[in-house]
Amino acid sequence: MLNITLPDNTVRQYVEGITGHEIALSISEGLARNVLAIQVNGEVWDSNRPLYADANIKLLTWNDTEGKAAFWHTSAHIMAEAIELLYPGTKFGIGPNIENGFYYDVDMGERVLTEADFKALEDKMLELSRENQVLLRKEISKQGAIDHFTAKGDEYKLELINELTDGEITLYESGKFTDLCRGPHIPNTGFIKAIKVMSVAGAYWRGDINRKQLTRVYGITFPKQKDLTEYLILLEEAKKRDHRKLGRELELFTFSQNVGLGLPLWLPKGTAIRERLEAFLKKVQRNAGYVQVMTPHIGDVNLYKTSGHFQKYGQDSFQPISTPIEGEQFMLKPMNCPHHCEIYKFKPRSYKDLPLRMAEFGTVYRYEQSGELHGLTRVRGFTQDDAHIFCLPDQVKSEFVDVIKIVMIIFKALDFKDFTAQISLRDPNNKEKYIGTDENWDKAEQAILEVCKENNINAVIEYGEAAFYGPKLDFMVRDAIGRKWQLGTIQVDYNLPERFELEYIGNDNQKHRPVMIHRAPFGSMERFVAVLIEHCAGKFPLWLAPEQVSILPISEKYEIYAKNVSLLLNNYDIRSKIDNRNEKTGKKIRDAEVERIPYMLIVGEKEEAEGTISVRKQGDGDLGSFSIEAFAALINDEITKLME
RNA sequence: GCCGAAAUAGCUCAGUUGGCCAGAGCAGCUGAUUUGUAAUCAGCGGGUCGGGGGUUCGAAUCCCUCUUUCGGCUCCA
């Protein structure tokens with residue numbers, strides 16, 4: 001008998017060779033109907049694969065991430081089968097599940113797959129799913145696998161097989177289609193009830209720009225039609241929140257072909273938001289002991305040779321500008337750190353001066369590939385809320401923690417409740433991508449790992465994601481509709497201080513090397529504002545809204561009273577405008593609602609007589625009659641709730 | 001940069017076997033109306049149909065090319 005431990009730690013006994021499906025049946029028939037796969041000692045298996053040893057198991061359904069993964073993995077398999085049936089001769093690359101659905105990379109030769117083909121592909125997939133095909137797991141020798149795919153002429157699979165170890169190779173067979181596949185799969189294809197082919201795109205084989213570009217077909221599937229409908233509604237909601245659309249509608253920013261690709265033009269209302277964000281962060285930083293500096297937009301090429309940026313990114317940058325007579329070479333500033341290092345070197349520093357926290361809203365320019373540009377999230381000229389903390393080695397951890405606190409203050413003020421962290425370390429197998437010694441890297445990486453551990457920051461570790469001069473901790477937020485965005489970053493750097501020969505005099509009267517922390521809690525103003533727009537769907541927190549209040553006189557008879565109200569609000573630092581257009585009140589309300597102005601104040605005969613205002617909240621409707629003082633208190637409360 | 005799709009008025013879009021001076025709604029301007037919690041009425045102006053080239057008696061519509069935008073890939077200091 002086997003001892004099988006369930007997630008709630010109860011242990012049940014079963015005969016050897018029992019399968020996940022049979023275990024589920026022994027618990028309840030309903031569960032058995034919904035089990036997609038089984039987790040065995042942390043590894044996901046097919047639910048019909050027999051167990052021959054004691055194990056900790058978890059039965060996976062659609063509600064588990066791993067269950068969805070198996071579901072979509074099988075869906076990718078079905079899509080490949082459908083493609084093979086519809087377009088014989090297609091060669092197959094890889095077909096994994098992804099966060100939302102799955103894709104398959106295929107080589108269709110000369111044939112081009114377009115949206116017009118999606119319907120036929122979906123229909124064929126549905127047909128296959130309705131056959132309730134069982135995916136048969138087959139262990140196969142390496143030679144057997146090579147023979148199979150040689151006969152089929154599928155060079156991509158052969159390449160994958162060559163990298164696998166003999167004895168660990170499995171095929172999955174369903175219908176007439178056999179795929180090289182590690183599994184796991186759901187019990188049969190009948191679970192897949194709703195299918196949508198989403199898009200096609202080119203994708204380099206194995207992500208290598210020098211290799212052939214395959215056709216990547218994206219799809220998503222669900223166990224119920226209703227789930228698909230809900231997913232499509234969510235996509236519609238995302239479209240409505242698109243910062244590029246809202247940026248135009250709310251007059252926040254624009255781009256002009258005449259100015260150039262990826263160079264944003266901030267309109268007055270967008271500028272108002274950005275300046276308020278900057279003022280907010282400056283205040284937080286002033287309280288945290290930062291000093292503001294300013295540096296120019298260009299710098300001598302040699303500055304970036306010293307930092308290593310030129311060697312690393314020179315080819316991918318805007319090329320240096322040459323002066324006409326002397327032939328000096330200047331680069332558009334791609335980073336602020338070299339300039340800040342030079343400010344550090346302005347005078348000898350004592351250990352008593354450290355930590356020196358130097359902040360700048362520094363505008364930088366990077367040559368992003370044209371196909372990469374995307375609204376405000378990927379641009380060629382942007383402003384970092386940058387700062388560099390120069391500190392003693394034993395100050396690194398406490399400074400790092402203080403930066404994390406600033407990041408948290410910002411997330412709270414802007415209502416990002418759900419966030420995760422990622423520790424980005426060096427790729428240990430690819431050290432030539434980075435500058436600096438192993439010793440420095442170890443120190444920097446240890447500092448981040450220890451800080452996260454000591455402060456209970458639950459961060460995933462990613463190797464190979466570090467900056468070229470140091471490891472980093474990045475913060476990812478989840479927005480109001482569940483999408484993940486990377487925002488703030490904190491980096492520990494032992495290397496640039498060395499390259500710039502930064503020094504301080506210690507209490508031993510000897511020269512020592514400081515450590516640098518690079519940090520940007522917003523990341524860049526452009527990207528942050530873009531994420532914020534999508535997070536709040538254009539309904540900015542009250543303290544940020546370019547216009548907080550629209551005063552709506554019922555008719556021109558009450559314009560003088562409206563003006564008085566506006567002046568009184570000014571005394572409370574409440575930003576208002578008067579809508580004195582020759583329109584009906586309903587129209588003025590509608591327009592203020594569409595413009596996402598947080599409050600509307602309706603003033604007419606009654607209000608003028610009583611010295612009150614009729615308050616309407618955006619999205620919520622009529623709040624009733626208020627005195628100016630009471631309204632100011634309401635506004636004040638709403639703002640301080642987020643900012644404290 | 002690469003693969004695919006798209007580009008018509010400030011915005012959203014119609015015009016889809018090539019054929020009357022290219023249309024609508026919103027926005028704008030002018031006038032009437034003096035308005036009470038999500039669109040008052042009337043009139044007017046506005047487009048080299050992304051640029052260039054070609055096919056044709058005739059092109060927004062077909063072909064070539066360039067540009068830009070969108071979805072991905074690669075990249076992201």
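Given the structure is predicted, the values throughout are model-derived calculations rather than measurements. Values reported hereafter were calculated over all heavy atoms of this structure, with side chains retained and with hydrogens, waters and symmetry mates removed. Below, chains carry the letters A, B, ... as their sequence lines are ordered, and counting in each starts from 1.
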Item to check | Option passing side chain to side chain donor-acceptor pair (under 3.5 Å) with A:Asn336 (candidates A:Gln384, A:His518, A:His388) | outcome: A:Gln384

Next on the checklist: Can you classify the ring geometry of A:Tyr367 versus A:Phe318 as parallel (below 30°), tilted (30 to 60°) or perpendicular (above 60°)?
Outcome noted: perpendicular

Next on the checklist: For a quick check of understanding: with a heavy-atom distance under 4.0 Å over all strands, which category does A:Glu583 fall into, base, sugar-phosphate or nothing?
Outcome noted: base

Checklist outcome for this item: Any strand, both distances under 3.5 Å, Watson-Crick or G-U wobble: B:G36 pairs with none

Next on the checklist: When the P atoms of B:C63 and B:G19 are compared, how many Å lie between them, rounded to an integer?
Outcome noted: 15 Å

Checklist entry - Do A:Arg378 side-chain and B:C76 base share a donor-acceptor contact under 3.5 Å? => result yes

Checklist entry - Which of these nucleotides, B:U68, B:A38, B:G71, is closest to any side-chain atom of A:Leu261? => result B:U68

Item to check | Sugar-phosphate only, base, or nothing, as touched by A:Lys606 at under 4.0 Å among non-hydrogen atoms | outcome: base

Next on the checklist: On the side chain of A:Arg244, is there an atom forming a donor-acceptor pair with the base of B:C70 - under 3.5 Å, no angle test?
Outcome noted: no

Next on the checklist: Could you check whether the side chain of A:Gln257 and the base of B:U68 have a donor-acceptor pair of N or O atoms closer than 3.5 Å, going by distance alone?
Outcome noted: no

Checklist entry - In terms of the nearest nucleotide of RNA chain B, which residue is placed more toward the 5' end: A:Gly375 or A:Ile554? => result A:Ile554

Next on the checklist: Roughly how many Å apart are B:C66 and B:U12, using the P atom of each and rounding to a whole number?
Outcome noted: 27 Å

Checklist entry - NA contact type, A:Arg216, heavy-atom cut-off 4.0 Å: base, sugar-phosphate, or nothing? => result sugar-phosphate

Item to check | Proximity to the side chain of A:Ser199 - top-ranked nucleotide from B:A38, B:G71, B:A77 | outcome: B:G71

Checklist entry - What does A:Gly371 touch in the nucleic acid at a heavy-atom separation under 4.0 angstrom: a base, only the sugar-phosphate, or nothing? => result base

Next on the checklist: Is A:Arg248 close enough to B:U12 that one of its side-chain N or O atoms is under 4.0 Å from OP1 or OP2 there?
Outcome noted: yes

Checklist entry - Any stacking of A:Phe468 on B:A77, going by centres under 5.5 angstrom and planes within less than 30 degrees? => result no

Checklist entry - Where the side chain of A:Lys587 is concerned, which of B:A27, B:G1, B:U69 is the nearest nucleotide? => result B:A27

Next on the checklist: Please give the distance between the C1' atoms of B:G15 and B:A22 as a whole number of Å.
Outcome noted: 8 Å

Item to check | A:Glu534 side chain to A:Trp485 side chain, donor-acceptor N/O pair below 3.5 angstrom | outcome: no

Checklist entry - What is the nucleic acid contact for A:Ala203, judged by heavy atoms within less than 4.0 Å: base, sugar-phosphate only, or nothing? => result sugar-phosphate

Checklist entry - When A:Asp107 is tested against each of A:Lys212, A:Lys157, A:Arg211 for salt bridge (charged side-chain N to carboxylate O under 4.0 Å, His left out), which residue passes? => result A:Lys212

Next on the checklist: On RNA chain B, does the nearest nucleotide to A:Gly619 precede the nearest nucleotide to A:Leu113 from the 5' side, or the other way round? Give the residue.
Outcome noted: A:Leu113

Checklist entry - Does A:Tyr218 make a side-chain N or O approach to OP1 or OP2 of B:C73 shorter than 4.0 Å? => result yes

Next on the checklist: Side chain of A:Gln369, heavy atoms from C-beta onward: which of B:U37, B:G1, B:U34 has the nearest atom to it?
Outcome noted: B:G1

Checklist entry - Salt bridge or not for A:Arg357 and A:Glu399, using N-O below 4.0 Å? => result yes

Checklist entry - What distance, rounded to whole Å, do you find between the two C1' atoms, one in B:G23 and one in B:A9? => result 11 Å

Next on the checklist: Taking only the P atom of each, what is the distance from B:C44 to B:A24 in whole angstrom?
Outcome noted: 11 Å

Item to check | Aromatic plane relationship, A:His309 with A:Phe468 - under 30° parallel, 30 to 60° tilted, over 60° perpendicular | outcome: perpendicular

Checklist entry - Which is true for A:Tyr103 with a 4.0 Å heavy-atom rule: it touches a base, it touches only sugar-phosphate, or it touches nothing? => result nothing

Checklist entry - With a non-hydrogen cut-off below 4.0 angstrom, is A:Gly207 in contact with a base, only sugar-phosphate, or nothing? => result sugar-phosphate

Checklist entry - Donor-acceptor pair under 3.5 Å: do we get one between A:Gln213's side chain and the base of B:G4? => result no

Checklist entry - Of the non-hydrogen atoms in A:Glu368 and A:Val379, which two are nearest, and what is the gap between them? => result CG-O, 3.4 Å

Checklist entry - Across the strands shown, which category fits A:His518 at heavy-atom distances under 4.0 angstrom: base, sugar-phosphate, nothing? => result nothing

Next on the checklist: Let's test this: given Watson-Crick or G-U wobble pairing with both distances under 3.5 Å, identify the partner of B:A7.
Outcome noted: B:U67

Checklist entry - Which is true for A:Glu115 with a 4.0 Å heavy-atom rule: it touches a base, it touches only sugar-phosphate, or it touches nothing? => result nothing

Item to check | Nucleotide forming a Watson-Crick or wobble pair with B:G43, both distances under 3.5 Å | outcome: B:C29

Next on the checklist: Need the pair for B:C2. Rule: Watson-Crick or G-U wobble, both distances under 3.5 Å, any strand; none if unpaired.
Outcome noted: B:G72

Next on the checklist: Work out how far the C1' atom of B:C21 is from that of B:C49, and round it to whole angstrom.
Outcome noted: 15 Å

Next on the checklist: Before you tell me yes or no, could you show the steps for A:Phe631 and A:Tyr599 under ring-ring contact (aromatic ring centres under 6.0 Å, His included), namely the whole-Å CA-CA distance, both residues' side-chain angles and the distance that decides it to 0.1 Å?
Outcome noted: CA-CA 10 Å; A:Phe631 177 67; A:Tyr599 286 96; 5.4 Å; yes

Next on the checklist: If you go through the side-chain atoms of A:Tyr367, does one of them form a donor-acceptor pair with the base of B:G1 closer than 3.5 Å?
Outcome noted: no

Checklist entry - A:His374 side chain N/O closer than 4.0 Å to the phosphate oxygens (OP1, OP2) of B:G71? => result yes

Checklist entry - Between B:C57 and B:C73, how far is it from one C1' atom to the other, in whole Å? => result 47 Å

Next on the checklist: Taking the C1' atom in each of B:G47 and B:A27, what is the distance between them to the nearest angstrom?
Outcome noted: 16 Å

Item to check | Sugar-phosphate, base or nothing in reach of A:Lys584, heavy atoms under 4.0 Å | outcome: base

Checklist entry - Between B:U37, B:G1, B:U34, which one does the side chain of A:Tyr204 approach most closely? => result B:G1

Checklist entry - So what does A:Glu607 touch, heavy atoms closer than 4.0 Å: a base, only the sugar-phosphate, or nothing? => result base

